[in-house]
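Just so you know, residue 1 is the first one in the sequence shown, and it goes up from there. Computed over heavy atoms, backbone and side chain alike; hydrogens, waters and symmetry mates excluded. Everything numeric here is computed off the predicted structure, so don't read it as measured data.
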Amino acid sequence: MGPAPPGEQLRGAAGEPQVMEPALEGTGKEGKKASSRKRTVARSPAEGLLQPVKLSRAELYKEPTNEELNHLRETEILFHSSLLRLQVEELLKEVRLSEKKKDRIDAFLQEVNRRVMKVPSIPEAELTDQAWLPAGVRVPLHQVPYTVKGCFRFLPPAQVTVVGSYLLGTCIRPDINVDVALTMPREILQDKDGLNQRYFRKRALYLAHLAHHLAEDPLFGSVRFSYSNGCHLKPLLLLRPNGKDKSLVTVRLHPCPPPDFFRPCRLLPTKNNVRSAWYRGQSPPGDGSPEPPTPHYNAWVLQDIALDSHLQLLSTMLGSAPGLKDGVALLKVWLRQRELDKGLGGFTGFLVSMLVAFLVSTRKIHTTMSGYQVLRSVMQFLATTDLTVNGISLCLSSDPSLPALADFHQAFPVVFLDSSGRLNLCADVTASTYHQVQHEARLSMALLDSKADDGFQLLLMTPKPLIRAFDHVLHLRPLSRLQAACHRLKLWPELQDNGGDYVSAALGPLTTLLEQGLGARLYLLAHSRPPVPEWDISQDPPKHKDSGTLSLGLLLRPEGLTSVLELGPEADQPEATDFRHFWGSRSELRRFQDGAIREAVVWEAASMSQKRLVPHQVVTHLLALHADIPDTYVHYVGGLLDALIQGLKEASSTKGHMVVSQGGELVMVPNVEAILEDFAVLGEGLVRAVEARSERWIV
């Protein structure tokens, strides 16, 4: 393995693991006699029960030690109750990796290192000449367009380094993933490999050759491809052990370039590294217009370059602070229960670890803090800091050649720079996802401050999927329709930057469109992230349309929800043209009681239940008008209880009898038992609806 950061070394000794054989007791005649004698011995009634500890009077009433006093004081100040402290400590015990499993994982990592270094080399060939690939292995990358310059050859990695949370001690169960960086030799790469996906093509071919040889090794029970955080330009090779340890660990191989191979100035967010003439097959315009920047493409290259430097930074910050590691583990559980860390653009555990490092560097978190203190401090920061407006940076350099935060805000919706000042760690995080993280952090802080008895259960033990967190949910399927949306919205630069991923390219403009249309009705809009797929090495990588369904959650404001009027500007104002363009045929001139003539949109809604579903009309109209997504592709979930509530009202109104009051008026006294039965039916329906749309995650 490659060198570990200071203070951290790969676990495991160089010798072979020892196999322990259990001794067999009670065999033969002597054993049988001994066991029979044991059975004949009479046991006292109290045998086998816990007996009270006998303490002397001096021991019983002795003064508490300084350590015990500090423990009690810390519990009172930080945890609100000793029960909360016990719950947090027990949770950390459950999610931590045991020492026995660490030893087995270390032994497997040593074997992986030996196998990888023994993979044979192949001679040089053109990138488009892939005849050398065996028939049972496919390239884990969509090579569109296929024609690209450059040559490729395979050589064993120059260095194999364990990176990520396993080496830092912050990985959590149940899914244990170990990230291993394979530094490709310089002889494989060429000067202009940063252009037109050449580096990513070589990276994919490197993994394909490794997969062919490692799949033939009996050490591995599973050899499959996947994506790094859902990025389809960055495939990974997943290795799992054979036999009884098949579910013990997943080793993820990340090919990466040498740290100083690419020029950093060519990977700034304002630079272009995917030429329009190559990607679109069109000649560049003759008017001298510049190429569109490719900030996401550049960030994905920088992520591979910075793997080792990020490990060094986190090792320095977290290495000797067990409280910080506990805090990171709790934050990972918090994110996982809310499904905020999944897929491309998720708020991952790596981002949380880097955020803790940032708060340590700014003295908002101290290394002596407990895990619960770190959890509260990070949530307080997230709840009060909007990184979509004011980005943060780990960079301490005053180099004038570095780009400013404003340059990153123009290229990315969320900005958090690493220590180099060139890589945005939140490059893939959308504004909607970050606002959802902020919202959940505010709710969690309010829950912790309330000192509720079930606060721990609600905070860290209760799953909260999208269907539970939002009032209305809409599903867009099939995803292939988003390709037409990109054409209608003219998202050619975004497609070029995202390598043809029309789901990621259309996601930001669609959420912005719906937020503008829903206006005051909307409190928060969030979206699901496509799950990260796995596939066999003999199969082609999954297409973008195979990601399933794109779900959007709407958290609505009660005060503006039932309004049926969208009031626009006056007819003679210049904003009236924009209003008519945004709403299309639904916009019309109307005269109001004050004499004003304004542009307005009126939605059809007769009853209160129909008014609550006005967002459905808004969403379907805007998607069809601006994104070429007909209402047949929009599956809206909302107002499902209206019919049930209406049925309860009708049933309850008939289950009663008329009586004469003291004033001589006829009044109806409802049947209380019938009403209680109706509410019981309503409760059962709610429980079934929630259970059908959610699943429990067990720590």
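Ionic pairing of D449 and R376 is present here: one or more N-O contacts between side-chain nitrogen and carboxylate oxygen are shorter than 4.0 angstrom. Ion pairing between D628 and R481 holds under the 4.0 Å rule for side-chain N and carboxylate O. Under the 4.0 Å criterion applied to side-chain N and carboxylate O atoms, K464 and E440 are assigned as salt-bridge partners. Looking at R580 and E575, no side-chain N of the basic residue comes within less than 4.0 Å of a carboxylate O on the acidic one, giving no salt bridge. Using a cutoff of 4.0 Å between basic side-chain nitrogens and carboxylate oxygens, R240 and E534 are scored as salt-bridged.
In the model, S276 has a side-chain atom that pairs as donor or acceptor with a side-chain atom of E291 under 3.5 Å. In the model, H254 has no side-chain atom that pairs as donor or acceptor with a side-chain atom of D304 under 3.5 Å. Between the side chains of K234 and Q303, at least one donor-acceptor pair of N or O atoms lies under 3.5 Å. In this model, no donor atom of one side chain and acceptor atom of the other lie less than 3.5 Å apart for R138 and S538. A side-chain donor-acceptor contact under 3.5 Å links T430 and H527.
The aromatic rings of Y636 and H616 sit parallel, their planes meeting at an angle under 30°, below the 60° perpendicular limit.
Here H544 and H232 bring their ring centres to under 6.0 angstrom of each other. Aromatic rings from Y227 and W535 are positioned such that their centres are separated by under 6.0 Å.
Taking a 6.0 Å sphere around NE2 of H581, one finds it holds 12 or fewer heavy atoms contributed by other residues, nucleotides or ligands.
Across every non-hydrogen atom of Q197 and W278, the tightest pair is CD-CH2, 3.9 Å.
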